[in-house]
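Letters A, B, ... are given to chains in the order of the sequence lines, protein chains preceding strands, and every chain is numbered from 1.
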Amino acid sequence: MEDHGHMMLGHIGLSREDLGDPDNMRKLHNLGEPQQDIGNILQQIMTITEESLDEAQARKHALNCHRMKPALFSVLCEIKERSALSLRGVQEEDGPDPQIMRLDNMLLAEGVTGLERGGDSAAAATVAVTAGVSPNDGSSLEHTEYREKLAHIRHMYHTELEKYEQACTEFTDHVMNLLREQSRTRPVSPKEIERMVGIIHRKFSSIQMQLKQSTCEAVMILRSRFLDARRKRRNFSKQAADVLNEYFYTHLANPYPSEEAKEELAKKCSITVSQVANWFGNKRIRYKKNVAKLHDEANLYTRMPAASVSSEASQANSPVTPKSGGCPAPCYTPDGS
DNA sequence: CAAAATGATTCTGC
DNA sequence: GCAGAATCATTTTG
């Protein structure tokens, strides 16, 4: 306290001795003839902590009512403003955090934030489904379930956010009141209060970011749980399987359909081109893995003489040298020759 | 209900 | 970007 006070006085180029001199003070503040010695006041402020609580309380009140108080207060605020104490917090003047922006955008895209589509989103979903294009598969049920879960996440997010915001304003109010209260006895400028509010808001927004982060994670998990195509897999129809198998076994020497061929197969089987590609990818590797098991199937679709593949099949089943020593099983060669 | 089959995804190497 | 391989998640089968 002593050193601090001394430092502050030193800032404006005065020693305590200078202040202690009534003539100097009079010159400095251009006052008429102060009955009270300002040096004396400062001395009282400096030693206030050495007094007992009651004494200090009384002293504070007395000083507070002193007619020089406003002037002295503003001077002290100014000194503090110039000192290193108030330099902190200035550097954190960045705009909207890119991380927060990213999370906000994602939450908006997933429908967690943004316009509320009613508390009964499940009902809205069923309406959308019944009005939808095809009333075929059971995906509508999954869809409503997804909407329900998403609505739940949204509800949680908003209640949590509300709690945080309430806590933030409460805490800010509390701190502001405290600082205003304190500003009656120690130099706390409005600017400083403003800065403190900024710091509090930053802290709370970093907490909010954690909420947003975990909400994003929850939505991602939900998405992977419901929107992952693997989870709503349907086997192709027998007819489609026949078409695909027929192509595969009649092109066994080179079972790599061109883009056009894939498109045609896709149309024939009423599936997508990528599904055709998936099918051929799976088929090639599984055929290769187990030629013997598929032997009968091959005959079924190509009506080829069994002798032509049986030797290869037995090779494929043999446990020796799966990778070295030449191609073990398939009729085709991966290089397309 | 466990195993097999199957469609889709992910990872790696080219 | 594609093919192969491994793997996942679901459906079908015995």
Nearest to the side chain of A:Ile285, which nucleotide is it out of C:dA6, B:dG7, C:dA5?
C:dA5
Selected nucleotide, minimal atom distance to A:Gln275 side chain, candidates B:dT6, C:dG4, B:dA8:
B:dA8
Report the distance from atom CZ of A:Phe236 to atom P of C:dT10, rounded to the nearest whole Å.
17 Å
At less than 4.0 Å, is any side-chain N or O atom of A:Lys283 found next to OP1 or OP2 of B:dT6? Yes or no.
no
Please report the distance, rounded to the nearest Å, between CG in A:Asn278 and P in B:dC11.
16 Å
Give the rounded distance in Å between these two atoms: CD of A:Glu259 and C1' of C:dG1.
11 Å
Can you measure A:Phe280 atom CZ to C:dA5 atom C1' for me and round it to whole angstrom units?
19 Å
Is any side-chain nitrogen or oxygen of A:Arg234 closer than 4.0 Å to OP1 or OP2 of C:dT10?
no
Do any N or O atoms from the side chain of A:Glu170 and from the backbone of A:Ala167 form a donor-acceptor pair under 3.5 angstrom?
no
Round to the nearest Å and state the distance from A:Lys238 atom NZ to C:dT11 atom C1'.
17 Å
With a 4.0 Å cut-off on N to O distance, would you call A:Glu160 and A:Lys163 a salt bridge?
yes
Counting only heavy atoms from other residues, nucleotides and ligands, does the tally under 6.0 Å from CG of A:Asn177 exceed 12?
yes
Is the ring pair A:Tyr247/A:Phe280 parallel, tilted or perpendicular, if the boundaries are 30 and 60 degrees?
perpendicular
Short side-chain to backbone donor-acceptor contact, A:Arg154 and A:Thr113, under 3.5 Å:
no
To the nearest angstrom, how far is A:Tyr256 atom OH from C:dC2 atom C1'?
10 Å
From NZ of A:Lys289 across to C1' of B:dA5 the rounded distance in Å is 13 Å
Atom CZ of A:Arg233 and atom P of B:dT6: how far apart are they, to the nearest Å?
9 Å
Report yes if a donor N or O on one partner sits less than 3.5 Å from an acceptor N or O on the other, where the partners are the side chain of A:Asn235 and the base of B:dA5; otherwise report no.
no
When you measure only distances, ignoring hydrogens and angles, does the side chain of A:Arg286 come within 3.5 Å of the base of C:dG4 through a donor and an acceptor?
no
5′-ward residue of the pair A:Asn282/A:Ala277 relative to DNA chain C
A:Ala277
